Q: 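I have a structure I would like to understand better, so I am pasting it below and will then ask my questions one at a time.
Since the structure is predicted, the reported quantities are computational estimates derived from the model, not experimental observations. Count residues from 1 along the sequence.
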Amino acid sequence: MNDVTTPILTLRNVGKRFGTNQVLKGVDLDVQRSEVVCLIGPSGSGKSTLLRSMAFLEEYDEGEIHINGQLLGWQSISPRRRASRSRLNQVRSSLGMVFQQFNLWPHMSALGNVCEALVRVKGLTRSDAERKGRAMLDKVGLAEKADAFPAQLSGGQQQRVAIARALAMEPSLMLFDEPTSALDPELVGEVLQVMKQLAADGMTMVVVTHEMGFAAQVADTVAFLDGGHIVAKGAPRDIFHDTEHPRLQQFLQNYLDRNAFWQDLKETPA
């Protein structure tokens with residue numbers, strides 16, 4: 001049984017290169033159980049690469065990432081030897097991930113998309129998988145869309161199906177890579193509302209986002225990346241209102257008037 005006081009996710013001195021371009025440089029980060037961490041920063045700062053490294057979808061080549069105390073992706077660090085496929089799958093079995101694009105199978109219904117991995121990976125019977133799949137669709141507000149195909153759903157509904165699919169695997173940590181960036185503005189809210197409810201329910205989450213209001217209202221910790229480094233990290237108020245870091249101030253000025261932003265938040269009903 002996992003110690004609840006031990007971080008579920010630990011990064012130490014993590015680096016990543018693409019050829020001669022080093023996109024992550026000595027990143028350290030701890031994510032506690034039931035914590036929501038939002039990664040913000042300008043385009044090209046390394047946010048998505050960092051998130052994908054947390055699932056070994058990008059092969060980080062410096063430092064260490066541990067999930068539930070287990071080294072991710074590597075059998076050993078010195079010398080650096082890749083873990084076997086079975087070992088990699090075992091370490092990241094507690095992860096769920098939601099991408100910018102929905103990645104749904106177009107020939108399957110919403111329910112079919114949620115159930116497929118439950119049958120193929122978890123080994124559930126089709127009836128048990130469908131029972132669980134319907135419960136997950138209900139959790140994201142799409143119970144009535146179980147038989148609809150992706151082409152019959154809005155972008156927001158498709159993303160909620162993708163979230164249901166990830167939740168069905170019972171992850172202990174959810175990774176979100178800009179989950180609303182491909183949506184029309186009027187559809188963003190329905191996805192963020194589902195994510196807010198997951199946070200309220202105690203789901204551990206790491207979220208790459210440009211939605212500053214979401215980060216301010218939901219995150220326990222906000223980390224600002226620039227040039228492959230985490231250059232500022234703290235509670236939302238420390239990042240959005242009280243920061244004296246010049247690069248972070250410059251970044252925020254491109255998005256919001258900080259004082260008005262916080263006043264709006266204070267006046268918004270919970």
Q: Quick one: side-chain hydrogen bond (donor to acceptor under 3.5 Å, both in side chains) partners of Arg85, sequence neighbours excluded?
A: none
Q: As a quick check of understanding, evaluate side chain to side chain contact (heavy atoms under 4.5 Å, CB included) for Leu167 and Met203, giving each step before the final call.
A: CA-CA 10 Å; Leu167 290 175; Met203 174 61 73; 3.8 Å; yes
Q: Please check if the side chain of Asn113 supplies one atom and the backbone of Met108 the other of a donor-acceptor pair under 3.5 Å.
A: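 Yes, Asn113 side chain to Met108 backbone: donor-acceptor pair under 3.5 Å.
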Q: Identify, with sequence neighbours excluded, every residue that meets salt bridge (Lys or Arg N to Asp or Glu O under 4.0 Å) alongside Asp201.
A: Lys139
Q: Are any side-chain N or O atoms of Gln197 and backbone N or O atoms of Leu192, one a donor and one an acceptor, separated by less than 3.5 Å?
A: no
Q: Holding to side-chain contact (heavy atoms from CB on, under 4.5 Å), I want the full list of residues that pass it with Ala117, two or more places apart in sequence or in another chain.
A: Val121, Met169
Q: Please lay out, stage by stage, how Arg82 and Glu59 fare under the test salt bridge (Lys or Arg N to Asp or Glu O under 4.0 Å).
A: CA-CA 10 Å; Arg82 281 198 63 148; Glu59 184 178 303; 2.5 Å; yes
Q: Excluding sequence neighbours, so at least two apart, what forms side-chain contact (heavy atoms from CB on, under 4.5 Å) with His210?
A: Lys47, Glu178, Tyr255
Q: Does Glu144, at its CD atom, have more than 12 non-hydrogen atoms belonging to other residues, nucleotides or ligands within less than 6.0 Å?
A: yes
Q: Are Arg80 and Gln75 close enough that a side-chain donor and a side-chain acceptor fall under 3.5 Å?
A: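 Judged by distance alone, the side chains do not pair up.
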Q: Ignoring hydrogens and angles, tell me if any N or O in the side chain of Thr204 forms a donor-acceptor pair with the backbone of Ser34 under 3.5 Å.
A: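 Present.
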Q: Go through the structure and list residues passing ring pair (Phe, Tyr, Trp, His ring centres under 6.0 Å) with Phe102, not counting sequence neighbours.
A: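 With sequence neighbours excluded, Phe102 shows a ring pair (Phe, Tyr, Trp, His ring centres under 6.0 Å) to no residue whatsoever.
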Q: Show every donor-acceptor pair shorter than 3.5 Å between a side-chain atom in residues 223-231 and any protein atom, with sequence neighbours excluded, or say none if there are none.
A:
| from | atom 1 | to | atom 2 | distance (Å) |
| --- | --- | --- | --- | --- |
| Asp226 | OD2 | Arg247 | NE | 3.3 |
| His229 | ND1 | Lys25 | O | 3.2 |

